[in-house]
Protein chains: 2
Amino acid sequence: MAQRPMREVILDEATELFARFGYGGTSLNHIAAGVGIKRPSLLHHFPSKDALYGEVFERMLSDWLERVEATMKSPGRGWERFSAVLVSGFELFCENPSYVRLMRREAIEGGERLGIDLVGVVAPFFEAAVNWLEEEVVAGHFRKVDARQVLVTAYATLLGYVSDAPFLNGLLVDDALAPEMLLARRDHLLDMFRRTLVADPDPSLTSLGA
Amino acid sequence: MAQRPMREVILDEATELFARFGYGGTSLNHIAAGVGIKRPSLLHHFPSKDALYGEVFERMLSDWLERVEATMKSPGRGWERFSAVLVSGFELFCENPSYVRLMRREAIEGGERLGIDLVGVVAPFFEAAVNWLEEEVVAGHFRKVDARQVLVTAYATLLGYVSDAPFLNGLLVDDALAPEMLLARRDHLLDMFRRTLVADPDPSLTSLGA
DNA sequence: ATCTCTACCTACTGGTTGGTAGGTAGGTAT
DNA sequence: ATACCTACCTACCAACCAGTAGGTAGAGAT
């Protein structure tokens with residue numbers, strides 16, 4: 001046993017429950033019971049439910065932005081770089097399904113609870129990606145595409161598969177988050193975006209696996 | 001004033017609120033106040049909160065299945081038919097953003113609340129679509145693609161744009177559900193799926209607008 | 001005139017919510 | 001030894017929840 005600090009244990013449990021049942025559907029009793037303490041003891045570590053939710057959300061954002069910034073610095077141009085970022089983002093999402101579901105819930109409801117401005121945090125990265133894509137189009141590395149549309153599609157496909165995994169588990173028979181399913185999903189998305197972005201019709205020259 | 005029956009008015013309001021705030025985040029008081037009556041009067045029309053949610057969900061499903069069945073009977077083959085169904089589905093989703101958000105919430109949580117088996121209802125249509133796509137591949141109308149992957153992507157992209165519109169409103173500056181934005185989105189999706197499915201590289205021969 | 005039905009109401013119940021008050025066991029510092 | 005801190009507890013509170021009991025105003029039918 002690693003004996004993690006109780007604060008972290010509570011944050012983990014809260015993240016999981018907020019992601020599964022939403023803010024209104026999760027009670028402090030529920031969270032406290034999940035980590036084996038009583039509600040007042042939980043409120044000893046966090047001043048209120050709102051504050052706990054806020055910390056859960058800020059931790060998720062800082063976790064992600066750290067990794068996203070690292071990925072954005074990756075070298076390469078054109079498809080090579082786009083696919084690398086896509087794969088990295090896909091892996092990031094798959095490793096943190098609770099984060100993805102939490103994010104999706106916020107996106108559905110508008111995204112600014114408790115003063116946390118989700119759009120304000122994400123927008124700079126989104127705009128940077130738009131600029132890069134548009135430059136690559138001008139440079140002739142990509143077909144003439146609407147950068148924003150492509151990125152919204154990437155967002156929807158990456159988030160969608162993970163956030164809706166409980167539903168897709170029913171449709172696709174197997175465990176949607178099993179490694180072989182994830183690989184198949186990843187390759188399909190790569191193929192789709194390559195066909196959308198790259199003018200060169202020869203897959204062997206541009207695919208990741210070549 | 002059309003003087004719609006109170007039952008329908010309540011169902012509309014409940015659909016909207018359940019979609020926006022989720023089941024746990026919506027109280028009967030909230031719904032009742034929204035239609036101008038008290039909670040006990042609402043419980044005169046529906047026996048319980050669960051029953052109300054159940055009716056909201058069943059109405060959504062029957063509304064959709066009706067239109068989906070009609071669309072599935074559409075004539076045509078290959079890309080012509082695929083694009084027609086895609087456009088029809090996209091329009092259906094855009095016209096009912098509350099339904100889309102409600103559906104997405106269920107998908108995140110697993111999809112079987114109150115005995116309603118969402119997967120059981122959707123699966124037959126999904127399998128029919130898979131079969132059709134695979135037959136079209138064999139017939140040479142489409143490239144060799146993984147039918148399930150393509151359909152999951154269609155699901156994710158169509159649902160994602162509408163369900164997350166409140167969030168995308170912030171990212172994309174304008175109103176994400178405005179007519180011109182919807183058209184741009186639709187055309188982008190058509191272009192992407194055409195490039196994924198159709199071997200013929202000439203857009204003028206296969207695009208919808210040709 | 002009375003009976004019945006619908007659609008609403010006020011007033012209440014038992015249970016749960018987020019949050020507070022106050023107490024205690026155990027470790028640490030002086 | 002004693003003072004202090006952390007991490008937990010029980011007991012309580014007001015507010016809110018879903019749901020029930022019982023009453024009323026009005027419309028229609030007999």
Side-chain angles (χ1 to χ4, degrees), chain A residues 1-60 98 102 105-106 109 112-116, chain B residues 1-60 98 102 105-106 109 112-116:
Chain A
M1 283 295 192
Q3 267 285 22
R4 305 185 59 214
M6 180 55 76
R7 255 188 84 89
E8 290 295 312
V9 175
I10 293 172
L11 280 172
D12 288 347
E13 181 73 13
T15 301
E16 172 72 19
L17 293 181
F18 282 140
R20 281 181 60 187
F21 305 111
Y23 184 86
T26 304
S27 77
L28 293 185
N29 275 325
H30 199 167
I31 300 169
V35 300
I37 61 175
K38 301 290 181 178
R39 182 179 69 258
S41 307
L42 189 154
L43 287 164
H44 164 75
H45 296 276
F46 300 91
S48 70
K49 187 183 183 183
D50 282 6
L52 173 58
Y53 185 85
E55 284 215 35
V56 162
F57 212 80
E58 282 179 16
R59 193 179 65 147
M60 174 189 78
S98 287
L102 199 61
R105 282 186 184 278
E106 281 298 315
E109 293 181 19
E112 42 178 315
R113 215 202 287 258
L114 316 171
I116 303 171
Chain B
M1 284 296 192
Q3 267 286 23
R4 305 186 58 215
M6 180 55 76
R7 256 188 82 89
E8 290 295 312
V9 176
I10 292 173
L11 281 173
D12 288 347
E13 181 72 13
T15 301
E16 172 71 19
L17 293 182
F18 282 140
R20 281 181 60 188
F21 305 111
Y23 184 86
T26 304
S27 76
L28 294 184
N29 275 326
H30 199 169
I31 299 169
V35 301
I37 61 175
K38 302 289 183 179
R39 183 180 67 258
S41 306
L42 189 153
L43 287 164
H44 165 76
H45 295 277
F46 300 89
S48 71
K49 187 183 181 182
D50 282 6
L52 172 58
Y53 185 84
E55 285 215 34
V56 163
F57 212 80
E58 282 179 15
R59 192 180 64 149
M60 175 189 79
S98 287
L102 199 60
R105 281 185 185 279
E106 282 297 316
E109 292 181 20
E112 42 178 315
R113 215 201 287 260
L114 315 172
I116 303 171

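Here is the naming used below: chain letters follow the sequence lines, and residue numbers restart at 1 for every chain. Note that this is a predicted model, so its numbers are computed, not measured.
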Inset, instruction - Using a cut-off of strictly less than 4.0 Å between a heavy atom of the residue and any atom of DNA chain D, enumerate the qualifying residues of residues 5-15 of chain A by number. - result: A:Met6
Inset, instruction - Report the distance from atom CD1 of B:Ile10 to atom CG of B:Leu42, rounding to the nearest 0.5 Å. - result: 4.5 Å
Inset, instruction - Would you check if B:Thr15 and B:Met60 make a side-chain contact, meaning some heavy-atom pair closer than 4.5 Å? - result: no
Legend entry - Short side-chain to backbone donor-acceptor contact, B:Ser98 and B:Ala19, under 3.5 Å: no
Inset, instruction - Please report the closest heavy-atom contact between A:His30 and A:Phe21, naming both atoms and the distance. - result: CE1-CE1, 3.9 Å
Legend entry - Between CG on residue B:Leu43 and NE2 on residue B:His45, distance to nearest 0.5 Å: 10.0 Å
Which atom pairs link the protein and nucleotides 23-28 of chain D when you take only N or O atoms and keep those under 3.5 Å?
none

Legend entry - Counterpart residues, side-chain contact (heavy atoms from CB on, under 4.5 Å), relative to B:Ala14 (two or more places apart): B:Phe18, B:Ile31, B:Leu52, B:Val56
Legend entry - Neighbours of DNA chain C within residues 17-31 of chain B, by heavy-atom distance under 4.0 Å: none
Inset, instruction - Could you check how far CG of A:Asp50 sits from C1' of C:dT17, rounded to whole Å? - result: 13 Å
Inset, instruction - Mind running side chain to side chain contact (heavy atoms under 4.5 Å, CB included) on A:Glu109 and A:Tyr23 for me, showing each step along the way? - result: CA-CA 11 Å; A:Glu109 293 181 19; A:Tyr23 184 86; over 6 Å; no
Got a list of protein N/O to nucleotides 24-27 of chain C N/O distances below 3.5 Å?
none

Legend entry - salt bridge (charged side-chain N to carboxylate O under 4.0 Å, His left out): pairs with one or both residues in residues 12-33 of chain B, sequence neighbours excluded: B:Arg4-B:Asp12, B:Asp12-B:Arg59
Inset, instruction - Sorted by first residue and then second, give each salt bridge (charged side-chain N to carboxylate O under 4.0 Å, His left out) pair with at least one member in residues 47-56 of chain A; sequence neighbours left out. - result: A:Arg7-A:Glu55
Inset, instruction - Could you identify which residues of residues 35-48 of chain B place a heavy atom less than 4.0 Å from some atom of DNA chain D, listed by residue number, or say none? - result: B:Arg39, B:Pro40, B:Leu43, B:Ser48
Side chains of residues 32-41 of chain A: which donor-acceptor pairs under 3.5 Å do they make with residues two or more places apart or in other chains?
| unit_1 | atom_1 | unit_2 | atom_2 | d |
| --- | --- | --- | --- | --- |
| A:Arg39 | NH1 | A:Asn29 | OD1 | 2.7 |

Inset, instruction - Applying side-chain hydrogen bond (donor to acceptor under 3.5 Å, both in side chains), name anything that partners B:Glu106, two or more places apart in sequence or on another chain. - result: B:Tyr53, B:Arg113
Inset, instruction - Can you sort out the partners of A:His44 under ring-ring contact (aromatic ring centres under 6.0 Å, His included), two or more places apart, ordered by chain and number? - result: none
